[in-house]
Amino acid sequence: MAGYQISYGQASGSYTTQVDAGNKTSYTLTGLQDGKKYYFAAKAYNSGKTTWSGFSNEVSATTAPATAAPVANFTAGPSSGVAP
């Protein structure tokens, strides 16, 4: 086996995107939408990419939802006068 292709999409068994991960057994995908569930499967291929395995077992993961930047909310007292 020379490498792996990762296939994924937002519906089980429906892989709309493929990424060649080469011979890496760990790969970070970018460009996924925040807060969405994705389904993944991989195929292995030989050095000429002429022979491919079937899909691996499917796994799923949900990306973290987007979070807004924190907003400071405070008061001070006293807010005028001579500094100590």
Side-chain angles (χ1 to χ4, degrees):
M1 157 171 24
Y4 303 95
Q5 177 181 318
I6 302 166
S7 299
Y8 63 96
Q10 291 185 336
S12 180
S14 179
Y15 310 120
T16 56
T17 306
Q18 293 76 36
V19 176
D20 189 341
N23 64 356
K24 298 176 186 174
T25 56
S26 177
Y27 191 84
T28 301
L29 291 169
T30 59
L32 301 178
Q33 296 177 21
D34 295 336
K36 299 288 183 179
K37 186 171 188 173
Y38 288 90
Y39 297 85
F40 304 89
K43 286 184 175 184
Y45 56 80
N46 69 355
S47 60
K49 292 188 180 180
T50 57
T51 303
W52 292 74
S53 72
F55 279 115
S56 67
N57 291 339
E58 181 177 85
V59 296
S60 64
T62 302
T63 57
T67 57
V71 176
N73 184 9
F74 60 91
T75 58
S79 60
S80 62
V82 179

Practice problem: Sequence neighbours left out, what pairs pass salt bridge (Lys or Arg N to Asp or Glu O under 4.0 Å) with at least one residue falling in residues 38-47? | Solution: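 Found none.
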Quiz item: Applying salt bridge (Lys or Arg N to Asp or Glu O under 4.0 Å), which residue pairs with at least one partner in residues 21-34 are found, sequence neighbours left out?
Solution: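 Output for this query is empty, none listed.
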Exercise. Report the residues that fulfil ring pair (Phe, Tyr, Trp, His ring centres under 6.0 Å) with Phe40, sequence neighbours left out, ordered by chain and then residue number.
Key: Tyr8
Quiz prompt | Apart from Tyr45 itself, residues in the same hydrophobic cluster as defined by side-chain heavy atoms under 4.5 Å | solution = Trp52
How would you list, by chain and number, every residue that makes a side-chain hydrogen bond (donor to acceptor under 3.5 Å, both in side chains) with [X], sequence neighbours excluded?
X: Ser47; result: none
X: Thr17; result: none
X: Tyr38; result: Gln10

Quiz item: Does the Ser56 side chain pair with the main chain of Ala42, one donor and one acceptor, at a distance under 3.5 Å?
Solution: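 Checked: pair present.
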Quiz item: Is Tyr4 linked to Phe55 within one hydrophobic cluster, defined over Ile, Leu, Val, Met, Phe, Trp and Tyr using a side-chain heavy-atom separation of less than 4.5 Å?
Solution: no
Which atom pairs, one a donor and one an acceptor, fall under 3.5 Å between side chains of residues 57-71 and the rest of the protein, sequence neighbours left out?
unit_1: Glu58; atom_1: OE1; unit_2: Ser12; atom_2: OG; d: 2.7
unit_1: Glu58; atom_1: OE2; unit_2: Gly13; atom_2: N; d: 2.8
unit_1: Glu58; atom_1: OE2; unit_2: Tyr15; atom_2: OH; d: 2.6
unit_1: Thr63; atom_1: OG1; unit_2: Gln33; atom_2: O; d: 2.6
unit_1: Thr63; atom_1: OG1; unit_2: Gly35; atom_2: N; d: 2.9
unit_1: Thr63; atom_1: OG1; unit_2: Lys36; atom_2: N; d: 3.1
unit_1: Thr63; atom_1: OG1; unit_2: Lys36; atom_2: O; d: 3.4

Quiz item: Listed by chain and number, what are the side chain to side chain contact (heavy atoms under 4.5 Å, CB included) partners of Ser14, not counting sequence neighbours?
Solution: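 For Ser14 the side chain to side chain contact (heavy atoms under 4.5 Å, CB included) partners, ignoring immediate neighbours, are Ala11, Thr16.
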Quiz item: With sequence neighbours left out, what residues match Lys49 under salt bridge (Lys or Arg N to Asp or Glu O under 4.0 Å)?
Solution: Asp20
